[in-house]
Enquirer: 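Okay, handing you the structure first.
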Amino acid sequence: MPKGGRKGGHKGRMRTYTSPDEIDAQMKAEKERKKQEQEAEAAGGVAPNDLTEEKLPGSGSEDSDDENSDRRRAGVEGLIEIENPNRVAQKSKKVTQIEMDEPKQLSRREREEIEKQQAKERYMKMHLAGKTDQAKADLARLAIIKKQREDAAKKKEAEKKAKEAAAAAAKGMNSLSMK
């Protein structure tokens, strides 16, 4: 979609489109520039872009203190040694300096998380032993269900025996009537 959307450009400006000829010219110029850079790199060993980066004063290559002391200081900086009192240099600790004897101080969130896990484990142990209210209620409910199932099984067995007796009696009546 062209710049400006459906209703036209901002403040009545006309939309501008890049012609295919201009795009081709830009592509050719880019290819030529890359080709020249590669030739210069192959011949000199240093690309022209690398030279421009070295000349820039604010480039990232001047971050270390050694390089800062080597470069020429402008103005009063060269005359007076200035140090920022608020800047604290990071001191790296060696592995031998770190004390492993002391237990690590946990944050409040970590400590609460550990306590929560321990409480959950204690509750589960008590629940499995049947000492919690919920476990007692569950066991009572299971006992009631077990009793109901036993009663239903006895009733079903009694009905089955009654049916068999009725069937046997009916069979006996049929055999008597047949004779």
Side-chain angles (χ1 to χ4, degrees), residues 1-20 22-24 26-27 30-31 34 38 47 49-50 53 58-68 84-179:
M1 176 179 260
K3 187 176 180 182
R6 285 187 276 166
K7 294 188 177 183
H10 181 66
K11 295 186 181 179
R13 278 187 268 153
M14 295 291 292
R15 293 184 192 144
T16 57
Y17 298 99
T18 308
S19 67
E22 290 178 31
I23 293 173
D24 291 339
Q26 288 175 357
M27 296 290 282
E30 183 69 23
K31 286 180 183 178
K34 285 183 180 181
Q38 289 176 354
N49 289 342
D50 294 341
E53 288 179 5
S59 68
S61 62
E62 296 179 0
D63 288 340
S64 68
D65 294 332
D66 296 337
E67 291 177 5
N68 285 340
N84 186 353
N86 295 329
R87 183 174 180 273
V88 177
Q90 295 290 332
K91 297 179 182 177
S92 60
K93 292 184 179 181
K94 295 182 181 177
V95 177
T96 55
Q97 293 175 344
I98 299 174
E99 296 180 16
M100 299 301 272
D101 300 334
E102 295 181 23
K104 181 184 171 193
Q105 295 293 330
L106 300 175
S107 68
R108 178 184 57 85
R109 287 183 183 169
E110 291 172 339
R111 195 174 347 103
E112 288 176 354
E113 186 68 27
I114 292 171
E115 289 172 359
K116 187 177 178 182
Q117 288 176 350
Q118 290 173 347
K120 191 173 185 180
E121 289 172 4
R122 280 193 307 270
Y123 180 80
M124 288 305 292
K125 284 180 184 177
M126 291 182 69
H127 185 75
L128 292 174
K131 296 181 181 179
T132 61
D133 293 337
Q134 186 179 3
K136 290 175 184 176
D138 289 344
L139 292 173
R141 194 176 332 115
L142 287 173
I144 291 170
I145 292 171
K146 190 175 184 181
K147 186 176 180 184
Q148 288 174 348
R149 287 182 181 167
E150 287 175 1
D151 292 343
K154 286 179 185 177
K155 187 177 179 183
K156 195 173 187 180
E157 186 68 30
E159 287 176 2
K160 188 177 181 183
K161 285 183 181 179
K163 256 188 186 179
E164 287 177 1
K171 198 175 194 182
M173 292 295 273
N174 283 338
S175 63
L176 286 176
S177 62
M178 291 265 210
K179 288 185 184 183

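Computed over heavy atoms, backbone and side chain alike; hydrogens, waters and symmetry mates excluded.
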Enquirer: Work out which heavy atom in His127 is nearest to a heavy atom in Asp138; give both atom names and the distance.
Expert: CE1-OD2, 3.8 Å

Enquirer: Salt bridge check: are Asp151 and Lys154 linked by an N-O gap of less than 4.0 Å?
Expert: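 Not counted as a salt bridge, because no side-chain N and carboxylate O are separated by less than 4.0 Å.
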
Enquirer: Roughly how far, to the nearest 0.5 Å, is CD of Glu159 from NZ of Lys155?
Expert: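 Reported to 0.5 Å precision, the distance equals 6.0 Å.
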
Enquirer: Distance from Ile114 atom CD1 to Lys116 atom NZ, nearest 0.5 Å?
Expert: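 Those atoms lie 13.0 Å apart.
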
Enquirer: What is the minimum heavy-atom distance between Gly130 and Ala135, and which atoms define it?
Expert: CA-CB, 3.8 Å

Enquirer: Quick one: NZ on Lys156 to CZ on Arg149, what's the gap to the nearest 0.5 Å?
Expert: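 Lys156 NZ to Arg149 CZ: 12.5 Å, rounded to 0.5 Å.
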
Enquirer: Taking atom CG of Asp133 as the centre, does the number of heavy atoms from other residues, nucleotides or ligands within less than 6.0 Å exceed 12?
Expert: no

Enquirer: Supply the atom-to-atom distance Gln148 CD to Ile144 CD1, rounded to the nearest 0.5 angstrom.
Expert: 7.0 Å

Enquirer: How long is the straight-line distance from CD of Glu115 back to CD of Gln117, given to the nearest 0.5 Å?
Expert: 11.0 Å

Enquirer: Is the closest basic N to carboxylate O distance between Arg108 and Glu112 below 4.0 Å?
Expert: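 Salt bridge present between Arg108 and Glu112.
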
Enquirer: Under the side-chain contact (heavy atoms from CB on, under 4.5 Å) rule, collect the residues that match up with Met126, sequence neighbours excluded.
Expert: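 Per chain and number, Met126 pairs via side-chain contact (heavy atoms from CB on, under 4.5 Å) with Lys131, Thr132.
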
